[in-house]
Amino acid sequence: MTDTNTGLTDSLDELARELDREHVFHSWSAQGSPSNLVIASGRGTRVWDHSGREYLDFSSQLVNVNIGHQHPSVVQAIREQAELLTTIAPSTVNLARGEAAKRVAARAPAGFRKVFFTNGGADAIENAIRMARQHSGRDKVLSTYRSYHGNTGAAIVSTGDWRRVPNEFARGHVHFFGPYLYRSEFWATTPEQECERALQHLRRVIEAEGPSSIAAVLIETIPGTAGVLIPPPGYLAGVRELCDRHGILLILDEVMAGFGRTGRWFAFDDHDVRPDLITFAKGVNSGYVPVGGVIISDPIAATFDERVFPGGLTYSGHPLAMASIVAALDAMDSEGIVEHARAIGEAEIGPALAALAERHAVIGEVRGVGVFWAMELVADRATREPLPAAAMGRVKAALVDRGLLPFVQDNRIHVVPPCVVTAEEVAEAMAIYDEVLSTALD
């Protein structure tokens with residue numbers, strides 16, 4: 001991955017930074033504070049800049065490169081599709097689109113035969129909300145405060161964190177608190193209490209809002225950006241029961257958690273729950289080509305058999321994206337990648353993070369499953385006061401300096417490598433975490 005002409009490659013890194021500073025407007029950023037990190041190439045769990053500096057990617061970029069960087073089967077499928085047909089209108093019939101939809105639907109529960117393809121996760125949420133409202137004839141959508149659903153109109157208002165506040169232009173959105181035992185809103189001390197009280201809270205919100213006005217409850221099966229918040233046993237089943245009681249649809253957002261991230265094809269496979277609509281993106285093709293979608297239960301799909309669905313996208317079912325889905329899901333299946341993610345989480349990542357927590361008082365809690373983990377950093381274990389932003393900034397910078405790309409959010413380090421990560425790479429990352437937590441906070 002290195003170039004023998006170091007001067008040339010160094011200059012390419014600087015050219016990339018210069019062009020970025022001059023012309024690129026970045027998301028969720030103050031534009032006067034640009035990043036200096038250049039990524040030019042990748043393979044598996046590693047990426048390089050032009051000069052050959054190597055980084056171990058324990059962020060999976062935005063928790064989406066599940067199959068790893070530059071998987072040869074997926075790259076080849078995109079290349080072959082590009083030579084055959086690069087684009088086609090969504091109203092036409094295309095074999096690659098049908099094959100991709102078949103593979104996605106095959107991973108869903110029985111009774112999900114149709115897939116609506118979008119350009120990514122946010123517009124998957126938009127269209128799932130639209131389907132729920134059209135099908136139910138109701139308007140309100142309930143979602144949790146600790147959530148992220150995307151940066152388009154309804155998706156950002158469904159989001160629970162601070163990014164919602166400057167963007168509240170969509171109608172009919174109500175928020176509630178989901179379970180989070182480490183920082184319980186319900187004075188709970190056990191998972192059972194947290195589950196029971198969180199469900200009671202949701203029940204009261206539904207009653208107060210008027211059940212007949214609520215189209216859907218929208219939740220991330222496992223809230224990702226909000227902290228890898230594994231729901232306590234029985235919670236998702238309880239949400240399903242509340243929805244059924246009042247004729248409310250359940251939308252499970254599997255954009256981040258789906259397609260191998262938890263060591264299951266869908267995160268809800270670990271829970272006794274069946275949604276009405278499933279949104280996906282990210283891991284379905286590891287972001288090689290922008291794509292997302294909604295997997296639609298048969299009763300909702302039937303709503304639009306004779307009635308026009310009022311939604312569409314120019315690039316819905318784009319052939320290059322479809323080819324990448326087919327290749328990615330086939331490779332994940334044949335290579336046992338989903339099963340590997342589960343096994344390495346249980347045998348390597350979980351125990352190693354628990355050992356780190358034993359050594360470092362700054363780690364307040366470790367939680368996760370598969371290749372989907374978080375270390376919550378605290379200034380004081382007794383009070384659980386979050387580690388301040390300045391300290392988190394030092395931690396992040398120190399990790400990057402040592403050649404590890406982290407996913408840092410608020411007071412947490414999310415440990416989210418590609419599903420293909422090896423035991424040796426886990427050990428390498430843990431040694432870097434250990435060193436940084438020993439030195440960067442002095």
Side-chain angles (χ1 to χ4, degrees), residues 1 41-48 54-82 95-96 98-108 115 222 254-270 278 280-293 295 320-350 352 368-373 405 415-429:
M1 292 295 173
S41 59
R43 176 75 64 179
T45 59
R46 299 180 189 272
V47 294
W48 291 264
E54 181 178 296
Y55 299 91
L56 181 59
D57 187 359
F58 260 55
S59 68
S60 296
Q61 296 305 290
L62 284 175
V63 200
N64 63 321
V65 188
N66 290 11
I67 205 170
H69 294 275
Q70 301 301 112
H71 190 288
S73 296
V74 185
V75 172
Q76 180 64 20
I78 295 168
R79 182 182 295 116
E80 290 175 358
Q81 181 62 50
L95 182 59
E99 293 286 3
K102 176 183 175 182
R103 283 163 174 76
V104 171
R107 301 301 175 188
V115 180
I222 298 176
E254 290 266 344
V255 168
M256 185 177 286
F259 292 100
R261 179 57 47 186
T262 67
R264 298 285 187 256
W265 286 102
F266 290 107
F268 62 75
D269 291 339
D270 273 332
I278 306 163
F280 67 91
K282 291 186 184 287
V284 73
N285 71 340
S286 291
Y288 283 29
V289 180
V291 73
I295 315 174
L320 299 184
M322 300 299 99
S324 69
I325 288 175
V326 171
L329 297 188
D330 285 355
M332 292 177 80
D333 192 17
S334 65
E335 297 172 22
I337 289 173
V338 175
E339 295 79 7
H340 173 77
R342 188 70 168 209
I344 203 159
E346 292 175 351
E348 305 292 341
I349 300 175
V369 63
V371 286
F372 202 23
W373 294 81
L405 292 188
V415 181
V416 285
C419 299
V420 296
V421 68
T422 66
E424 293 76 18
E425 289 165 337
V426 171
E428 180 183 346

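Along the sequence shown, residues are numbered consecutively beginning with 1. In what follows, every heavy atom counts, from backbone to side chain, and hydrogens, waters and symmetry copies are set aside.
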How far apart are the closest heavy atoms of [X] and [Y], and which atoms are they?
{"X": "Ala323", "Y": "Gln81", "result": "CB-CB, 3.6 Å"}
{"X": "Met322", "Y": "Ala96", "result": "CB-O, 3.6 Å"}
{"X": "Val115", "Y": "Ala101", "result": "CG2-O, 3.8 Å"}
{"X": "Thr262", "Y": "Arg342", "result": "O-NH1, 2.9 Å"}
{"X": "Gly68", "Y": "Ser286", "result": "N-OG, 4.5 Å"}
{"X": "Ile278", "Y": "Ala108", "result": "CD1-CB, 4.2 Å"}

side-chain contact (heavy atoms from CB on, under 4.5 Å) between Arg107 and Asp333, worked out: CA-CA 11 Å; Arg107 301 301 175 188; Asp333 192 17; 3.3 Å; yes
Are [X] and [Y] close enough that some pair of their side-chain heavy atoms sits under 4.5 Å apart?
{"X": "Leu62", "Y": "Lys282", "value": "yes"}
{"X": "Leu405", "Y": "Gln61", "value": "yes"}
{"X": "Ile325", "Y": "Asn285", "value": "yes"}
{"X": "Phe259", "Y": "Leu329", "value": "yes"}
{"X": "Val416", "Y": "Trp373", "value": "no"}

I'd like to know if the side chain of Glu254 and the backbone of Ala267 have a donor-acceptor N/O pair within less than 3.5 Å.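 Yes, Glu254 side chain to Ala267 backbone: donor-acceptor pair under 3.5 Å.
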Without swapping roles, check the side chain of Tyr288 against the backbone of Gln70 for a donor-acceptor pair under 3.5 Å. yes
Among pairs that include at least one residue of residues 71-80, which meet side chain to side chain donor-acceptor pair (under 3.5 Å), considering only residues two or more places apart or in two chains?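 Of all non-adjacent pairs touching residues 71-80, those that pass side chain to side chain donor-acceptor pair (under 3.5 Å) are His71-Glu335, Gln76-Arg79, Gln76-Glu80.
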Pairing residues for Pro417 by the side chain to side chain contact (heavy atoms under 4.5 Å, CB included) criterion, not counting sequence neighbours: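 Phe58, Ile349, Val371, Val415, Val421.
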With sequence neighbours excluded, tell me which residues meet side chain to side chain contact (heavy atoms under 4.5 Å, CB included) with Leu95. Glu99
Per the salt bridge (Lys or Arg N to Asp or Glu O under 4.0 Å) rule, what does the pair list look like for residues 259-269, sequence neighbours excluded? Arg264-Asp270
Salt bridge (Lys or Arg N to Asp or Glu O under 4.0 Å): which pairs involve residues 321-331, sequence neighbours left out? Arg103-Asp330
With side-chain contact (heavy atoms from CB on, under 4.5 Å) as the test, pick out the partner of Phe280 among Val255, Ile295, Val291.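 It is Ile295; the other options fail the test.
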Stepwise side-chain contact (heavy atoms from CB on, under 4.5 Å) check, Trp48 with Arg43: CA-CA 9 Å; Trp48 291 264; Arg43 176 75 64 179; 3.9 Å; yes
Mind checking what makes salt bridge (charged side-chain N to carboxylate O under 4.0 Å, His left out) contact with Glu54, not counting sequence neighbours? Arg46
